[in-house]
Amino acid sequence: MSVYESIMTGLTEAVEDAKSSEKKLQRRIVTVIPVKEYQADEVKKIRKSTEMSQKTFAAYMGVSEKTVEAWEAGMNHPSGAASRLLSMIEADKGFIEKYPFVSTGK
């Protein structure tokens with residue numbers, strides 16, 4: 001079966017299933033937890049728990065040192081991927097060791 005035929009078969013099955021009162025195709029509901037908004041003291045606490053300087057933590061997070069300074073001063077808040085990464089570090093105390101993007105000198 002060609003790729004085209006495989007795709008068309010799948011689409012036909014999906015259309016038939018959508019029109020049918022008896023749903024035969026497997027369905028899955030996916031819920032994405034919203035990104036947490038971190039406050040200055042929370043960012044600093046997470047960074048301190050990693051035992052990294054602002055400079056090293058910034059390199060780990062993929063942002064500038066000025067960005068980390070602004071987060072910790074409350075002048076700005078991490079968002080998007082940075083917030084998601086912070087939540088992963090916060091949830092897993094061994095995260096830094098599992099994913100050593102920078103050397104902490106240990």
Side-chain angles (χ1 to χ4, degrees):
M1 180 183 290
S2 72
V3 173
Y4 172 79
E5 291 170 332
S6 176
I7 292 170
M8 289 308 296
T9 300
L11 288 173
T12 301
E13 288 175 4
V15 169
E16 288 173 3
D17 189 69
K19 291 179 180 178
S20 171
S21 60
E22 293 182 35
K23 305 299 182 195
K24 295 180 182 175
L25 295 179
Q26 181 181 4
R27 286 168 169 68
R28 178 175 26 175
I29 297 174
V30 177
T31 304
V32 177
I33 298 170
V35 177
K36 178 178 175 182
E37 186 174 303
Y38 284 91
Q39 301 303 314
D41 59 329
E42 294 173 302
V43 174
K44 190 170 188 171
K45 182 180 176 185
I46 292 168
R47 179 183 62 81
K48 293 274 189 183
S49 77
T50 68
E51 299 179 356
M52 290 186 202
S53 66
Q54 285 182 335
K55 182 177 183 176
T56 304
F57 192 70
Y60 189 86
M61 296 292 294
V63 299
S64 71
E65 186 176 354
K66 293 288 184 194
T67 297
V68 173
E69 289 173 8
W71 290 346
E72 292 188 5
M75 296 170 23
N76 202 347
H77 299 283
S79 61
S83 289
R84 188 66 76 194
L85 187 53
L86 283 169
S87 69
M88 293 165 76
I89 295 168
E90 186 177 39
D92 182 356
K93 301 306 177 201
F95 188 87
I96 301 298
E97 286 76 30
K98 290 179 192 170
Y99 304 98
F101 304 131
V102 297
S103 173
T104 58
K106 289 185 177 180

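Along the sequence shown, the residues carry numbers beginning at 1.
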Exercise. Please step through side chain to side chain contact (heavy atoms under 4.5 Å, CB included) for the pair M88 and Y99, ending with a clear verdict.
Key: CA-CA 11 Å; M88 293 165 76; Y99 304 98; 5.9 Å; no
Exercise. Kindly give the heavy-atom pair with the smallest separation between D17 and E22, and that separation in Å.
Key: OD1-O, 4.0 Å
Quiz item: Is it true that F57 and M75 fall in one hydrophobic cluster, defined by side-chain heavy atoms closer than 4.5 Å?
Solution: no
Quiz item: Would K45 and E42 pass as an ion pair if we require N to O under 4.0 Å?
Solution: no
Quiz item: In terms of the angle between their ring planes, are F95 and Y60 parallel, tilted or perpendicular, with boundaries placed at 30° and 60°?
Solution: perpendicular
Quiz item: Between OG1 of T50 and NZ of K48, what distance do you get to the nearest 0.5 Å?
Solution: 9.5 Å
Practice problem: Locate the shortest heavy-atom distance separating P100 from E97; write the atom from each residue and the value. | Solution: CD-O, 3.6 Å
Practice problem: Taking the side chain as every heavy atom from C-beta outward, state whether M61 and L86 have any pair of such atoms under 4.5 Å apart. | Solution: yes
Practice problem: Please examine the side chains of Y38 and E90, heavy atoms only from C-beta on, and report whether any two atoms are closer than 4.5 Å. | Solution: yes
Quiz prompt | Over 12 foreign heavy atoms within 6.0 Å of NZ, K93 | solution = yes
Practice problem: Show which residues join V3 in its hydrophobic cluster (side-chain heavy-atom contacts under 4.5 Å, direct or indirect), or state none. | Solution: Y4, I7, M8, L11
Quiz prompt | Joint cluster assignment, I46 & F101, ILVMFWY side-chain distance < 4.5 Å | solution = yes
Quiz item: Around K24, counting heavy atoms of other residues, nucleotides and ligands shown, do more than 12 lie under 6.0 Å from its NZ?
Solution: no
Quiz item: In terms of hydrophobic clustering (I, L, V, M, F, W, Y; side-chain heavy atoms under 4.5 Å; direct or indirect links), are V63 and M52 co-clustered?
Solution: yes
Quiz item: Can you name the closest pair of heavy atoms from P78 and V43 and give their distance?
Solution: CG-CG2, 3.9 Å
Exercise. Considering non-hydrogen atoms only, spot the tightest contact between G74 and A40 and give its length.
Key: N-CB, 3.6 Å
Exercise. Begin from the C-alpha positions of N76 and K66 and carry the test side chain to side chain contact (heavy atoms under 4.5 Å, CB included) through to its verdict.
Key: CA-CA 10 Å; N76 202 347; K66 293 288 184 194; over 6 Å; no
Exercise. Without swapping roles, check the side chain of K36 against the backbone of S83 for a donor-acceptor pair under 3.5 Å.
Key: no
Quiz prompt | CD-OG distance between E69 and S64, expressed to the nearest 0.5 angstrom | solution = 8.0 Å
Quiz item: Should we say atom CZ of R28 is surrounded by more than 12 heavy atoms from elsewhere, each under 6.0 Å from it?
Solution: no
Self-check item: Interatomic spacing from CZ in R47 to OG1 in T56 - rounded to 0.5 Å
Solution: 9.5 Å
